[in-house]
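Predicted model only: the values in this text are computed from it and were never measured. Heavy-atom basis, side chains included; hydrogens, waters and symmetry copies ignored.
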Amino acid sequence: MNETETQTDAAPETRDFIRERIRSDLADGTTDQLVTRFPPEPNGYLHIGHAKSICLNFGVASEFKGLCRLRFDDTNPAKEEQEFIDAIEEDVRWMGFEWDGAPRHASDYFDQLYDWAVYLIENGKAYVDDLNAEEIRAYRGTLTEPGKDSPYRGRSVEENLDLFTRMKNGEFPDGAKVLRAKIDMSSGNINMRDPVIYRIVHKSHPRTGDTWCIYPTYDFAHGQSDAIEGVTHSLCTLEFEDHRPLYDWLVENLPVPASPRQYEFARLNLTYTVLSKRRLTQLVQEGHVNGWNDPRMPTISGLRRRGIPAAAIRDFVSRLGVTKSDSTVDPALLDHCVRELLNKTAERRMAVLRPLKVVIENYPDGEGENLDAVNNPEDDAAGKRQVRFGREIYIERDDFMEDAPKKFFRLAPGREVRLRWAYFITCTDVIKDDVGEIIELRCTYDPATKGGDAPDGRKVKGTLHWVAAENAVDAEVRLYDHLFTDPAPGRQEDFVSTLNPESLEVLTGCKLEPSLMDFEVGDAMQFERLGYFAKDPDSTDAAPVFNRTMTLRDTWAKIQANS
RNA sequence: UGGGGUGUGGCGAAGCGGUCUAACGCACCGGAUUCUGAUUCCGGCAUUUCCUAGGUUCGAAUCCUAGCACCCCAGCCA
């Protein structure tokens, strides 16, 4: 046992096939220093599936004293944009990780990649093909039948060189020619049937502008970029497993400075969630959600806006494991991580979402008082604050029932409950409007129960949150639910039809304890008995807006649902 | 008779031939405590069972053989 092991032994070791592999490569000297990379394509926003990859790549680098870089896989200017590059950098940082050095880009290596393409041609291992896309597909064969050689496969090195140079010089329109690696048209692995490695795209690139009109494909750029950067363990998802022979072929047949190895793990799937960039893009573009950072989106920016802390996402990912078996995780696990963290850290406040006015008849008119309230029972250091109490207050409509069953512990005619941090009150009368709607409650309070305890030792079953009418702040509160009603929305092409029409509920006229105005966007707080909330960026002092991050567990709701 | 993968409880996941009458977490179900029906706490939750069927072995979820199921691949996307 050496000293590094002694150090890592302090914390429980995470064991998965990738970490086992790294451990052994480090132990037998195959690897001197671990280098990984997180390689997003800037064609969309990062989502929670990427969070798994981010935590793996950056996590493993820090655990084994290695390096992790951020590298944009920007080989397709038709789809990529600067907006996405900026958002990705922000999201990775917010997740709590810092990459080694400046962000890298596959496009930083376009010159080198071009030279290597020429090298392949010179060695008779690549050729320019004049077949169009449909013809190439036809020549490729099928899953069960081998392909046929392109009629252009036998071109001379000189001709290939000339043609490739002219491709680069912009002499041909998009799609007129491609450069292909000359491997094996009869391979069982379709990726080895002379894959296209360069294509003509007359389109300005976010970084290289109009310098190029030919661009390398993913396969021709990824492994070589890894090699240039000295990446030792190139981690990607399962669908790239059958690209590995091509990855290795390129590394072996090119004079690259290193031999990175690719390892594949299962991507994250979540029930009730869609996690493919194509589908997320569709949701945004068709306006089914309000942008990439809509709090209902599984994007990192959406989760952030909803109020979910990065630490909860990291915790969630750490409980997932890293394997090669396809898996679909219940989002309840993320919920649990969020609640566990926020229960410990979020300060409590009172807010009434659906207000019902209560007049305390025996409380002196025109008077009020300040009462002590504990900010976080899980954390003494959070201290106390004062809340205003008076003759008129608001309680939650759900906390009153005119004909209450025995198991209902809240307010009902003749029943006594506690107002949190305040007094016991008893309901004496119910006021209704012309159509029979309850518009107000009349109650009496017991002055001896100030602070919330009865000196005579009598108990009440329920404790309600409330806000004094005197200084309540009006606010908008947005409640969120699953974006989809189908547990597996991604399985069907028409996933839009399974959108949950009740995924967003906007409440206005909510009554807030005024101290809530002191919180900043990004701060988490608990509205007592309701859930965790966060101030939305739309919020202004004049018109505050809060997002519900997560409900509290609600046993009462479950009892009601089961009866 | 294409290639590449994966199969352990509702979900995720340990397990690397004996200590497996199979960890742990989520979910779920009981019950206790509680000024949040929250939290916390206790208990239950795969008892010849680890995709199936054979085999090897004193002994298998772990090794072998044969099946079966599911996932990925026929973009000049990544």
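In this model, no side-chain donor or acceptor of A/Arg137 finds a partner on the base of B/rG75 within 3.5 Å. In this model, a side-chain donor or acceptor of A/Asp242 finds a partner on the base of B/rG3 within 3.5 Å. Scanning atom types as modelled, no donor and acceptor separated by under 3.5 angstrom connect the side chain of A/His465 and the base of B/rA38.
Side-chain contact annotation: A/Arg349 with A/Asn375, donor-acceptor N/O pair under 3.5 Å present. A donor and an acceptor atom, one from each side chain of A/Tyr247 and A/Gln262, are nowhere located under 3.5 Å apart. Looking at A/His222 and A/Arg37, their side chains do bring a donor and an acceptor atom within 3.5 Å of each other. If you check the side chains of A/Glu41 and A/Tyr218, you find no donor sitting under 3.5 Å from an acceptor. Counted by atom type alone, A/Asn169 and A/Thr165 present zero donor-acceptor pairs between their side chains at under 3.5 Å.
Pairing of B/rC41, defined by two Watson-Crick or G-U wobble distances under 3.5 Å, is identified with B/rG31. Figure legend. B/rA22 is base-paired to no nucleotide; pairs are counted as Watson-Crick or G-U wobble with both atom distances under 3.5 Å. Of the nucleotides present, B/rG5 is the one that pairs with B/rC70 by Watson-Crick or G-U wobble criteria, both distances under 3.5 Å.
Separation of the P atoms belonging to B/rC20 and B/rA61 is 12 Å when rounded to the nearest angstrom. Here the separation of B/rG43 from B/rC26, taken at their P atoms, is 15 Å to the nearest Å. One P atom belongs to B/rG7, the other to B/rC64, and the distance between them is 15 Å to the nearest Å. Across the C1' atoms, B/rC51 and B/rA69 are found 7 Å apart, a figure rounded to whole Å. Only the C1' atoms considered, B/rC50 is 16 Å distant from B/rC63, to the nearest whole Å. Taking atom C1' in both B/rG25 and B/rG9, the straight-line distance is 13 Å, to the nearest Å. The gap from the P atom of B/rA60 to that of B/rG55 amounts to 12 Å, rounded to the nearest Å. Taking atom C1' in both B/rG30 and B/rC72, one finds a spacing of 44 Å when rounded to whole Å.
Residue-level contact check: A/Thr323 touches the backbone only, with heavy atoms under 4.0 Å from sugar-phosphate atoms and none from bases. Looking at heavy-atom distances under 4.0 Å, A/Thr271 makes no contact with the nucleic acid at all.
Checking the phosphate oxygens (OP1, OP2) of B/rC76, a side-chain nitrogen or oxygen of A/Arg140 falls inside 4.0 Å. Checking the phosphate oxygens (OP1, OP2) of B/rA78, a side-chain nitrogen or oxygen of A/Thr75 falls inside 4.0 Å. Here A/Thr142 does not reach the OP1 or OP2 of B/rA74: none of its side-chain N or O atoms lies under 4.0 Å away. Side-chain nitrogen and oxygen atoms of A/Lys324 include none within less than 4.0 Å of the OP1 or OP2 phosphate oxygen of B/rG7. Note on A/Arg491: a side-chain N or O is less than 4.0 Å away from OP1 or OP2 of B/rC71. Between A/Arg319 and B/rC24, a side-chain N or O to OP1/OP2 separation shorter than 4.0 Å is absent. Distances shown here put every side-chain N or O of A/Thr217 at or beyond 4.0 Å from the OP1 or OP2 atom of B/rA78. Close to B/rC77, at under 4.0 Å from its OP1 or OP2, lies a side-chain N or O of A/Arg199.
Looking at A/Asp399, A/Leu356, A/Val387, A/Val358 one by one, the single match for side chain to side chain contact (heavy atoms under 4.5 Å, CB included) with A/Trp466 turns out to be A/Val387.
In this structure, CZ of A/Phe220 is placed 16 Å from P of B/rC77, rounded to the nearest angstrom. One can place CG of A/Leu333 at 18 Å from P of B/rG10, the figure rounded to the nearest angstrom. The CD atom of A/Glu264 sits 18 Å away from the P atom of B/rA78 (whole-angstrom rounding). Summarising the geometry, the separation between CG on A/Leu270 and P on B/rC11 is reported as 15 Å, rounded to the nearest angstrom. When rounded to the nearest whole Å, the span between CG of A/Leu143 and P of B/rG2 equals 10 Å. Following rounding to the nearest Å, A/Lys344 (NZ) and B/rU36 (C1') show an atom-to-atom distance of 14 Å. Per the geometry, CD1 belonging to A/Ile200 stands 14 Å off P belonging to B/rC76, to the nearest Å. A/Glu347 has its CD atom 22 Å from the P atom of B/rA38, to the nearest Å.
Between A/Gly321 and A/Asp554, the residue anchored nearer the 5' end of RNA chain B, judged by the nucleotide with its closest heavy atom, is A/Gly321. Each of A/Arg15 and A/Arg529 was assigned the nucleotide of RNA chain B with the nearest heavy atom; the assignment lying further toward the 5' end belongs to A/Arg15.
Residues A/Asp108 and A/Arg104 are not paired through a salt bridge, judged by the lack of any N-O separation under 4.0 Å between the basic side chain and the carboxylate.
Of the listed nucleotides (B/rU39, B/rG37, B/rC26), B/rG37 has the atom at the smallest distance from the side chain of A/Thr555.
Between the side-chain ring of A/Tyr218 and the base of B/rA78, no stacking contact exists by the 5.5 Å and 30° definition. Aromatic stacking of A/Phe409 on B/rG37: satisfied, with centres closer than 5.5 Å and planes within an angle under 30 degrees.
By the rule that a glycosidic angle within 90° of 0 means syn, B/rG7 does not qualify and counts as anti.
Here the two rings, on A/Phe533 and A/Phe527, have centers that are under 6.0 Å apart.
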